[in-house]
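Read through the structure below, which is laid out as structure tokens, and then see the notes.
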Amino acid sequence: MAEKRLLYFTAGEVSAFRWKGGRLEAEETFAQREEGVAAFAQYLTRHSAALYYMLADVVEEDFATDSIPAVRGSDRRELLARKLSQRYRDTSLALTLSLGMRSVGDRREEQMLFSSFTNTQQFQPWLTALSTHEARVVGLYSPPLLAPLIGAKLGHNAEHYLLVTVEKAGLRQTFVHQGAVRFSRLGRITENDATKTAAACAAESSRIQQYLVSLRILSRDGPRLKAVVLAPAADWQAYADICVSNAQIDYEVLKEEDAARRCGLKSAPAGSTAEALFLHVLAGAQVGAQFAADALRRHYHLWRARLALLTVGAAVFAFCLLFSGFKMLDMYGVNKSADADRRLESVAQQQYARIQATFPKTPTSTDKLDAIVKNYAALRAQTRSPEGLLLQISRALANLPQIEIDSIEWDASKAPATAQAAASKTGETAAGAAASGAPANAGANAKPEDVRQYATIQGHVVSTQASDFRAVTQVVDQFAGALRGQPGVQLVSRRLPFDISAGQSLAGDIGAARETEVPRFTIVIGKQGA
Amino acid sequence: MTLSGADLRPLRWPLAIAVLLALAGIGVTVMSERQLDAARKARDLAHTQRIAAQERVTKATDEEREIRQNLGEYQKMVDAGMVGRANRLDLIERISDIKKQRKLFEMHYNIEAQKPLDYAGISSTGGMDFVTNRMQLTMLLLHEDDFLGFLRDLGAGSKAYVSMRRCALARNATAQSAGASPGLRADCTIDLINLVETQP
């Protein structure tokens with residue numbers, strides 16, 4: 001964090017202080033002359049990284065209250081700028097301070113405090129030096145702006161009170177109304193005599209009270225004006241003796257050192273007066289209102305922007321690190337769990353190896369042996385013998401002497417063409433067709449138990465004329481029916497010497513023309529399993 | 001205060017540092033996230049492997065029983081003489097013996113080159129695999145019983161697994177009506193299967 005340096009402006013000189021942790025140290029004093037400004041410039045060069053708080057304690061400071069319509073945004077800014085320019089010739093060091101809203105009839109108004117240094121020329125050499133050296137000027141303040149803060153720190157929450165302080169610049173009286181400064185006055189102290197200064201305090205306070213009554217800020221019959229007098233500890237008794245409460249003013253005389261301690265000032269330069277308290281409060285608090293224009297505070301704003309950028313970057317980085325830290329913590333737990341699993345797996349493997357050592361010896365690895373046995377089972381599952389099917393054909397022929405078999409083609413390797421055609425007609429699935437036909441037996445994906453055996457039976461009908469369609473059909477149908485009646489046997493196709501279906505043409509001779517022709521037929525049967 | 005273009009110039013480095021810090025932070029987060037993911041995957045793998053190893057121990061008894069069963073099956077193959085390369089001379093002699101014993105008519109055979117068995121459900125083990133010697137056999141038979149008897153004898157005595165694939169039985173057109181002449185003709189395709197060691 002940058003060091004805080006405070007510049008105390010008075011009509012005669014500029015004093016530089018260093019503030020750290022509630023301790024105020026005097027550094028240098030520069031006279032209001034050309035040499036002083038030059039020395040000040042060197043001082044700025046030496047402390048280019050510091051933050052500068054300027055406290056101007058001069059007589060030429062004006063306070064005025066006015067009300068403006070309740071407007072917001074750019075309208076309000078323009079209105080306030082116009083009001084300032086109407087009131088002051090030079091608004092380079094001016095400010096506005098809201099004192100709150102009030103209703104006047106149906107209209108809402110905002111009470112404003114307008115304040116400006118009426119002689120800005122005395123600041124110019126110093127402000128120029130600050131700009132030239134790109135000093136980080138936090139702001140230009142005056143003691144009246146800090147008075148409400150001091151009053152609050154000292155526990156004064158009355159509606160209005162007068163803070164009377166003796167500073168290097170003179171005797172300052174600041175009127176605080178409802179927690180905000182209303183006006184302030186700096187009077188000169190001509191003699192270095194506590195009694196005379198205390199008397200001046202009392203006299204000026206009385207004048208201020210009368211002034212406030214005349215402005216109707218205070219009621220003539222109302223409560224007394226509270227006056228808080230900060231007196232040097234050494235002169236406290238003199239102040240207490242002179243500043244005695246009366247019908248108009250209720251004095252409270254506090255020792256400056258006590259007040260400083262209550263405000264958190266740990267140490268102040270020797271010989272300093274109330275300005276040390278103001279400087280301390282200025283360094284320690286965030287005071288919103290100040291006089292400097294943005295141009296003078298540019299390098300402070302840039303510093304803040306840099307700081308904000310770096311802070312945001314660092315915050316994101318820190319957050320990510322923290323997030324990653326949690327992830328790493330999580331990972332530690334995960335790795336621990338994995339290690340435990342690996343240890344248990346290793347134990348189980350050793351245990352299995354011990355058990356495996358007792359297994360019988362195998363001609364090849366157990367996995368391969370298992371695969372070989374499975375292959376052997378698959379081989380056996382699809383090994384077929386024609387014996388069973390031939391026996392079933394023989395049984396079907398037992399009661400049909402009209403049928404004579406010419407040939408039987410038995411096949412367990414692929415389905416006959418008629419079987420494949422029948423399968424496609426009945427809409428068997430590809431797998432089903434494969435199971436019933438060639439692809440299955442050619443090593444496709446069909447299950448071994450699905451492999452079928454087929455028999456294509458070719459024969460002829462004896463004792464019946466070929467032209468006797470009905471008799472031939474009846475005999476062949478009887479044979480087909482007998483085959484179908486055999487366990488597991490399915491009729492795949494049946495082909496007669498003629499086609500009696502309505503979809504085909506049928507021609508023939510009725511008479512003796514076909515007497516010598518033999519009616520031949522073909523029947524294809526299938527059987528799943530052995 | 002509104003920042004102008006000139007004001008942005010001195011903010012370049014802080015901005016760059018802030019961006020770098022943010023990127024570094026995001027990078028660290030992404031890296032840690034990835035490492036955590038990898039650790040989780042490794043843990044899941046270790047967990048799965050541990051469960052598998054423990055299950056293997058639990059099932060060791062079953063595995064031993066299965067190995068013994070498999071060995072029994074394998075022994076059957078050994079006993080059947082089908083483990084090892086087929087001896088074609090033995091096979092031819094075996095067919096000749098059956099012909100003599102059953103007093104069969106003439107027979108013609110053709111044994112094709114050995115090749116891997118391609119039946120459904122049979123896959124390569126990479127160590128020992130089934131191979132087949134396909135034989136085309138033509139026989140003239142007196143009747144069906146001769147054919148069936150031949151098949152039974154071939155299956156029982158061959159040092160190979162016999163798998164009949166196709167067989168066409170037809171009346172022998174050249175048969176003489178009188179005497180013991182072959183009434184049937186059989187054209188068969190028979191697979192003679194052996195289990196042999198193969199290169200993995």
Side-chain angles (χ1 to χ4, degrees), chain A residues 294 301-302 305-306 309-310 312-314 316-317 320-321 323-324 327-328 330-331 334-335 337-338 341-342 344-345 348-349 351-352 355 359-360 362 364 366 368-373 375-376 378-379 382-387 406-413 440 442-444 446-448 451, chain B residues 1 3 7 10-11 14-15 17-19 21-22 24-26 28-29 32-33 35-36 39-40 42-43 46-47 49-50 53-54 56-57 60 64 66-68 70-71 73-74 77 118-123 125-128 130 144 148 151 161 163-171 189 193 195:
Chain A
D294 278 340
H301 288 309
L302 287 175
R306 276 196 294 268
L309 282 172
L310 293 175
V312 168
V316 170
F317 185 67
C320 289
L321 277 186
F323 189 69
S324 301
K327 294 276 177 195
M328 290 295 121
D330 202 1
M331 197 167 79
V334 169
N335 284 339
S337 167
D341 274 338
R342 285 190 198 103
L344 287 172
E345 185 204 355
Q349 276 180 341
Q351 198 178 352
Y352 179 74
I355 296 170
F359 285 2
T362 56
T364 182
T366 53
K368 284 180 181 171
L369 180 64
D370 189 52
I372 290 166
V373 170
N375 281 345
Y376 184 47
L379 171 62
Q382 55 195 304
T383 301
R384 305 282 181 264
S385 169
E387 190 172 353
D406 296 326
S407 68
I408 299 173
E409 288 182 23
W410 176 88
D411 204 327
S413 63
K447 293 175 185 171
V451 173
Chain B
M1 180 190 169
L3 292 176
D7 292 333
L11 295 179
L15 184 63
I17 291 169
V19 170
L21 280 171
I26 291 166
V28 167
T29 305
S32 63
E33 184 71 38
Q35 284 184 344
L36 181 59
R40 279 180 179 150
R43 179 198 58 188
H47 182 73
Q49 286 174 338
R50 192 257 294 171
Q54 288 176 336
R56 227 173 12 243
V57 172
E64 186 179 4
E66 194 178 332
I67 288 169
R68 288 188 190 284
N70 286 345
L71 275 175
E73 290 295 307
Y74 183 80
M77 287 186 265
D118 61 353
Y119 285 13
I122 292 179
S123 55
T125 65
M128 295 182 81
F130 287 105
E144 293 87 343
L148 297 174
L151 291 184
Y161 185 88
S163 172
M164 180 71 77
R165 305 306 290 158
R166 194 189 67 80
C167 208
L169 295 168
R171 289 183 189 281
T189 302
I193 299 164
L195 180 67

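Letters A, B, ... are given to chains in the order of the sequence lines, protein chains preceding strands, and every chain is numbered from 1. Quantities reported herein were computed from a predicted structural model and do not represent experimental measurements.
- In terms of heavy-atom pairs under 4.5 angstrom with chain A, the leader among B/I193, B/L151, B/I17, B/L71 is B/L71.
- With a 4.5 Å cut-off on non-hydrogen atoms, A/N335 touches chain B through its side chain but not through its backbone.
- Proximity of B/L36 to B/R40: side-chain heavy atoms (C-beta onward) are separated by under 4.5 Å at one or more points.
- When each of B/A42, B/C167, B/A24, B/A60 is scored by its heavy-atom pairs under 4.5 Å with chain A, the top score falls to B/C167.
- Heavy-atom contacts from other residues, nucleotides or ligands closer than 6.0 Å to CD of B/E144 number 12 or fewer.
- Counting heavy-atom pairs under 4.5 Å between each of B/V28, B/L169, B/L15 and chain A puts B/L169 at the top.
- Closest non-hydrogen pair, B/I122 versus A/A378, comes out as CG1-CB, 4.0 Å.
- Annotation: maximal heavy-atom pairing with chain B below 4.5 Å, among A/A348, A/A314, A/A371, occurs at A/A348.
- B/T189 meets the side chain to side chain contact (heavy atoms under 4.5 Å, CB included) test with B/R134, B/Q136, B/R165, B/R166; sequence neighbours excluded.
- Between the side chain of A/N375 and the backbone N or O of B/S123, at least one donor-acceptor pair lies under 3.5 Å.
- Of the N and O atoms on the side chains of B/Y119 and A/T383, not one donor lies less than 3.5 Å from an acceptor on the other residue.
- Residue contact with chain B, scored on non-hydrogen atoms closer than 4.5 Å, involves the backbone and the side chain of A/I372 alike.
- The residue among B/E33, B/R56, B/Q35 with the most heavy atom pairs within less than 4.5 Å of chain A is B/R56.
- For B/A22, the side chain to side chain contact (heavy atoms under 4.5 Å, CB included) partners are A/V316, not counting sequence neighbours.
- Of the two parts of A/F323, only the side chain, counted from C-beta on, holds a non-hydrogen atom closer than 4.5 Å to a non-hydrogen atom of chain B.
- When B/V19, B/I26, B/L148 are compared by the number of non-hydrogen pairs under 4.5 Å with chain A, B/L148 comes out ahead.
- Heavy-atom distances place the side chain of B/E66, and not its backbone, under 4.5 Å from chain A.
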